[in-house]
Protein chains: 2
Amino acid sequence: MNSLIEENYLKALFSYANDQGEVSVKDLSEKLDIKMPTVTSMMKKLSTKGLVQYTSYKPIKLTAKGRKAAGIIIRKHRLTEMYLVEKMGFGWENVHEIAEQMEHVKSPDLFDRMDELLDHPKHDPHGSPIPDKNGKVDWINYPKLSECKVGDRVRLAAVVNSSADFLSFLNKRELQLDTEMELVSVEPFDNSMIVSYHDKPNETLSLLVSEKLLVEVISSLDSNQQSP
Amino acid sequence: MNSLIEENYLKALFSYANDQGEVSVKDLSEKLDIKMPTVTSMMKKLSTKGLVQYTSYKPIKLTAKGRKAAGIIIRKHRLTEMYLVEKMGFGWENVHEIAEQMEHVKSPDLFDRMDELLDHPKHDPHGSPIPDKNGKVDWINYPKLSECKVGDRVRLAAVVNSSADFLSFLNKRELQLDTEMELVSVEPFDNSMIVSYHDKPNETLSLLVSEKLLVEVISSLDSNQQSP
DNA sequence: GTATATTGTTAGACGCATCTAACAAAATTA
DNA sequence: TAATTTTGTTAGATGCGTCTAACAATATAC
């Protein structure tokens with residue numbers, strides 16, 4: 001099997017891939033906080049193992065095998081997060097660190113059991129989709145709240161950032177997954193948004209926040225989306 | 001904190017200590033399947049860290065600090081085993097391997113939560129005591145079934161071996177923790193025992209098995225235990 | 001109490017994942 | 001397109017945990 005270290009590279013390659021499925025050495029290096037030469041040499045190793053497609057000076061891509069391996073790790077991470085929230089009473093802001101460790105546990109049975117006890121959840125507590133047992137994930141491309149228009153009625157579908165700080169911020173504002181909001185107005189100066197939800201008629205969300213909230217648009221004021 | 005590797009040394013030192021709390025380099029080496037020179041050098045390292053008391057050519061002993069660290073690891077292991085059995089429906093024969101990995105997870109909260117959800121269990125699914133949050137364990141010194149006398153009525157309190165093979169063997173014979181048995185007879189030739197329990201009037205247990213079963217004696221035929 | 005066997009240590013090497021320093025290729029800017 | 005910046009690679013070193021080979025101390029046997 002792959003070592004913990006290799007698994008972290010695979011996960012990063014999976015998570016930070018662009019639309020072509022590619023990641024640069026520099027990006028990987030920064031995300032993992034590992035210097036570039038180290039990344040280069042690890043890419044050679046993973047390439048030998050058939051997990052990545054690597055050619056000098058070209059961006060890195062996971063092979064089908066590597067994508068599957070990475071998907072399974074992410075499946076374990078997200079199932080764990082869901083289990084911790086749903087079955088053990090943890091808050092969504094406190095599960096990432098634990099899942100980060102549990103994702104490396106080698107026991108298909110453990111995670112299958114979580115999946116079963118959770119009734120085969122489709123997404124984790126942060127709205128991210130849970131890959132299937134083959135590591136395959138079908139991604140719904142939700143827009144960011146920041147891209148929505150005044151008058152849009154939306155449902156909070158996922159958050160882009162799972163840091164405890166950010167999630168605690170949302171907790172304080174009583175913003176949960178599935179909360180329905182209406183975009184009241186946008187401040188042109190700083191692109192902050194005023195939204196209404198629950199019993200809150202006008203909460204202000206900075207651009208930094210609205211960019212991290214992925215939403216499903218339920219209804220829109222103007223039905224024509226694009227017209228020049 | 002201590003690395004996974006250090007943790008495994010600490011656990012072994014804790015588990016294989018004799019009545020003086022000592023372990024030889026040779027024993028550690030064999031239990032961990034690591035060559036003696038490697039053990040020696042690791043002992044120097046752990047000694048520097050104040051976790052073991054080590055002098056050349058002398059047996060090794062955990063310090064109070066080391067004992068606490070080891071106890072906490074074992075606490076995590078045993079809580080996990082109990083959680084897997086009680087809350088996730090695993091059989092007692094399938095939890096050791098998983099707990100072996102989970103015991104290294106750094107998250108006091110996770111194990112505190114298990115402890116709470118399990119209502120502060122005193123022992124794991126194999127009857128081994130669960131150390132408290134300070135790593136302290138109070139050990140009840142149960143006798144082996146093999147040391148009991150004909151006519152003794154006993155309760156299965158713990159098993160000494162947690163291998164899947166052994167536990168599956170007990171499953172097949174419907175022997176669980178807390179099963180009450182009566183020692184019917186002992187075969188002088190091979191010291192195998194015939195015991196009765198549940199609806200089984202005479203099950204044969206080899207010496208190899210009866211040595212691995214720790215029991216609480218409920219009643220004995222002759223009340224005088226020792227008389228020359 | 002010496003000889004032998006067992007146990008433990010020292011010395012030196014190795015693989016892995018990491019680093020820094022120096023260099024090379026590719027991309028960007030002028 | 002030439003100069004410069006950015007990105008990536010090569011070479012060589014380091015720390016960790018491991019090993020084997022050789023030697024040393026302790027325990028056991030005779």
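Just so we're on the same page: letters track the sequence lines, and every chain starts at 1.
- Atom NZ of B/Lys45 and atom P of D/dG15 are 13 Å apart (whole Å).
- Rounded to a whole Å, the CG atom of A/Leu10 is 12 Å from the P atom of C/dA17.
- In this structure, the CE atom of B/Met42 is 9 Å from the C1' atom of D/dT18, given to the nearest Å.
- Per the geometry, CG belonging to B/Leu4 stands 18 Å off P belonging to C/dC16, to the nearest Å.
- Exactly one residue among A/Lys76, A/Lys11, A/Arg78, A/Arg75 makes a salt bridge (Lys or Arg N to Asp or Glu O under 4.0 Å) with A/Glu103. That residue is A/Lys11.
- At least one donor-acceptor pair closer than 3.5 Å links the side chain of A/Thr63 to the backbone N or O of A/Leu51.
- Residue A/Tyr9 has a polar side-chain atom (N or O) positioned under 4.0 Å from OP1 or OP2 of C/dT18.
- Residue pairs meeting the ring-ring contact (aromatic ring centres under 6.0 Å, His included) criterion with at least one member in residues 63-104 of chain A, sequence neighbours excluded: A/His77-A/His96.
- In the set D/dC19, D/dT10, C/dT18, the nucleotide with an atom closest to the side chain of B/Thr38 is D/dC19.
- Protein atom CD1 of B/Ile5 is 17 Å distant from nucleotide atom P of D/dG15, rounded to whole Å.
- Residues passing the salt bridge (charged side-chain N to carboxylate O under 4.0 Å, His left out) test with B/Glu211, sequence neighbours excluded: none.
- Closest approach to the A/Lys35 side chain among C/dC19, C/dT18, D/dG17 is made by C/dC19 (side chain taken as heavy atoms from C-beta onward).
- Using a 4.0 Å cut-off between a side-chain N of Lys or Arg and a carboxylate O of Asp or Glu, B/Glu22 and B/Lys58 do not qualify as a salt bridge.
- Taking atom NZ of A/Lys49 as the reference point, atom C1' of C/dA17 lies 13 Å away to the nearest angstrom.
- The CD-P distance, from A/Glu6 to C/dA17, rounds to 6 Å in whole Å.
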Below 3.5 Å is the cut-off: list the nitrogen or oxygen pairs between protein and nucleotides 1-8 of chain D, distance only.
unit_1	atom_1	unit_2	atom_2	d
D/dT7	OP2	A/Lys26	NZ	3.2
D/dG8	OP2	A/Lys26	N	2.6

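- Computed from coordinates, the A/Leu28 CG to D/dT9 P distance equals 11 Å when rounded to whole Å.
- At least one donor-acceptor pair closer than 3.5 Å links the side chain of A/Lys65 to the backbone N or O of A/Lys49.
- OP1 or OP2 of C/dA11 has not a single side-chain nitrogen or oxygen of B/Ser41 nearer than 4.0 Å.
- At a cut-off of 3.5 Å, with distance as the only test, no side-chain donor of B/Ser163 or B/Asp165 sits close to an acceptor on the other residue.
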